[in-house]
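This report concerns only the one structure given below.
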Amino acid sequence: MTDIERNREVLQHWYNNMWGKTDFDLIPSIAAAKYLRHDITGANNLMPSESYRDMLKPVLGHLEVEAFTYYLVCEGDYVGALGRYLLPGDKQWDWVQLFRVQDQRLVETWLAGMGGTDPMGYPHPRNLWTGTEIPTADISDSPNKQLVRAWLNCLAGQESAIAADFLAPQLRAHDLFGADQLVTPQEYFSKLRALMNDQNASDLQCFLIEESSVQENNVHANTVVFATCSWKLGEPGENARQWDWVQAFEISDGKIARTWLPVIGGNDESIQVGPETRWAEDALPEDSTVLEITCPHVN
């Protein structure tokens, strides 16, 4: 078994058994003794795995999961995850997240916040990334990573290029503008630039992973690239708006054909998250894992 296969198994165990069955007592056996979290618990929160268990168990440990679909991408010690999670009371979580695995334990994670209907998962001001916690270099380079990085530089205003150079003629977007949109490159570019108040971004820090799958006859299937990013908008200083996010991009025929971005974290109060962005059943890739919920939760 390869390291990537082992890392995939760690996340499958995390999702299938701990989250899928809300068996939070499993957390100390899956996460490292100290679990570094960049999420709504804090920007650089090195917390004991027992503390994470004790935080979740009283709030969610009694609930039955109604539906759970997830998709994983593994490269090196990192695993990217797309997820759609439904709990009773119309609570839905949609997320794009990055994990780092070491010695078959989860040691670090990046999750700016979650979309869906549950405000508990929305970005929090205490989760303001310093940028220094984002890995400084990709594990490897590839044309797909170069495409995503070039698109982000274009959006940031750092390249004199047009959106159609990077985006498919019809981009399918699952993001904070809506649950499932078909937009042209210029429409998507214009929406994001408007959200940026048409300000250029600086201090872009971005870490990318991808995992190419090979179909029959050695033909590569569509590839999903995960990007963990942070940048600042406007003039440098205390009043600069900061965006922190984890986003997934599906590449097809050399263009970005699909993207998932449920939330943007940071300190930009103009960015809102709401239930109109909740993902439908078919929002995740077709080869995602759909967890079969067969047993009621046992306290």
Side-chain angles (χ1 to χ4, degrees), residues 1 4-31 35 37 39-40 49 52-53 55-75 78-101 104-106 109-111 113-118 120-121 172 174 179-180 209 211 213 221-222 224 226 246-248 250 258-263 275 277-299:
M1 181 179 292
I4 283 181
E5 290 170 335
R6 292 188 184 94
N7 292 344
R8 188 186 301 276
E9 282 197 343
V10 171
L11 265 298
Q12 288 171 334
H13 186 34
W14 183 253
Y15 282 145
N16 293 352
N17 297 295
M18 190 276 283
W19 279 112
K21 299 177 181 178
T22 59
D23 187 356
F24 300 113
D25 286 323
L26 290 174
I27 290 176
S29 68
I30 306 174
Y35 186 25
R37 302 186 61 83
D39 63 6
I40 57 175
S49 57
Y52 188 48
R53 173 200 63 200
M55 180 179 70
L56 294 179
K57 191 173 179 180
V59 180
L60 299 171
H62 64 289
L63 298 177
E64 289 184 28
V65 179
E66 295 183 348
F68 188 12
T69 304
Y70 66 86
Y71 178 82
L72 303 178
V73 163
C74 307
E75 185 179 11
Y78 295 87
V79 182
L82 287 167
R84 179 180 182 268
Y85 191 66
L86 274 66
L87 292 168
D90 196 38
K91 289 185 177 181
Q92 178 168 334
W93 298 353
D94 307 316
W95 69 89
V96 187
Q97 186 169 7
L98 182 71
F99 297 89
R100 182 166 65 88
V101 184
Q104 298 181 57
R105 289 288 190 273
L106 300 182
T109 188
W110 294 260
L111 179 67
M114 292 184 290
T117 64
D118 189 355
M120 187 178 77
R172 188 178 180 192
H174 312 276
D180 189 356
I209 67 167
E211 179 183 5
S213 58
N222 292 354
V224 176
F226 278 76
V246 187
Q247 186 171 4
E250 185 178 80
R258 199 172 178 190
T259 187
W260 296 263
L261 178 63
V263 295
T277 66
R278 65 191 301 182
W279 295 348
E281 291 183 20
D282 64 348
L284 273 64
E286 291 182 0
D287 51 345
S288 297
T289 298
V290 180
L291 205 63
E292 293 187 8
I293 310 298
T294 57
C295 300
H297 180 82
V298 179
N299 289 318

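The backbone N or O of A179 lies less than 3.5 Å from no partner atom in the side chain of T277, so there is not a single donor-acceptor pair. T117 contributes a side-chain N or O that, together with a main-chain N or O of Q92, makes up a donor-acceptor pair within less than 3.5 Å.
Aromatic ring centres of F24 and W19: separated by under 6.0 Å.
Counting only residues at least two apart or on different chains, the salt bridge (charged side-chain N to carboxylate O under 4.0 Å, His left out) pairs with a member in residues 5-16 are D3-R6, R8-E211. Evaluation of the salt bridge (charged side-chain N to carboxylate O under 4.0 Å, His left out) test over residues 79-95, restricted to residues two or more places apart or in two chains, returns D90-R278.
For the side-chain contact (heavy atoms from CB on, under 4.5 Å) test, residues two or more places apart in sequence or in another chain that qualify with P88 are L63, E66. Looking at residues two or more places apart in sequence or on another chain, you find a side-chain contact (heavy atoms from CB on, under 4.5 Å) between V101 and N7, V10, L11, V79, L106. Taking Y70 as the reference, Y15, F68 meet the ring pair (Phe, Tyr, Trp, His ring centres under 6.0 Å) condition, with sequence neighbours excluded. Remark: D39 engages R37 in a salt bridge (Lys or Arg N to Asp or Glu O under 4.0 Å) (not counting sequence neighbours).
Taking each heavy atom of P58 and R53 in turn, the nearest pair found is CD-O, 4.4 Å. Between S49 and A31 the shortest heavy-atom distance is CB-CB, 4.0 Å. Nearest heavy atoms, W279 versus L284: CE3-CD1, 3.6 Å. Scanning all heavy atoms of the two residues, the minimum distance from F99 to A81 falls at CE1-CB, 4.0 Å. Residues P285 and W260 share a closest heavy-atom pair of CD-CZ2, 3.8 Å. The two atoms that bring G80 and I209 nearest to each other are N-CD1, 3.5 Å, heavy atoms only.
Considering OG1 of T69 and CG of L82, their distance stands at 11.0 Å, rounded to 0.5 Å. We find the CD-CG distance between E292 and N16 to be 11.0 Å, quoted to the nearest 0.5 Å. Atoms NE2 and OG, from H13 and S29 in turn, are 5.0 Å apart once rounded to the nearest 0.5 Å. The structure places CG of L56 at 5.0 Å from CD1 of I27, a figure rounded to the nearest 0.5 Å.
Put simply, the side chain of R258 reaches to within 4.5 Å of the side chain of H174, judged on heavy atoms. The side-chain heavy atoms of T22 and V65, taken from C-beta on, include a pair separated by under 4.5 Å. Looking at heavy atoms from C-beta onward, L72 lies in side-chain contact with Q12 at the 4.5 angstrom threshold. Inter-residue side-chain proximity for K21 and L26 is flagged as unmet; no heavy-atom pair is nearer than 4.5 Å. The closest side-chain heavy-atom distance from V224 to E250 is below 4.5 Å.
Relative ring orientation between W14 and Y35 is described as perpendicular, the plane-to-plane angle rising above 60° on a 0-90° scale split at 30° and 60°. In this pair, Y85 and W93 present their aromatic rings tilted. The plane angle is within the 30 to 60° band.
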Can V246 and V96 be said to form a side-chain contact (heavy atoms from CB on, under 4.5 Å), step by step?
CA-CA 6 Å; V246 187; V96 187; 3.8 Å; yes

When you look at F226 and Y78, which way does the side-chain contact (heavy atoms from CB on, under 4.5 Å) test go after all the steps?
CA-CA 10 Å; F226 278 76; Y78 295 87; over 6 Å; no

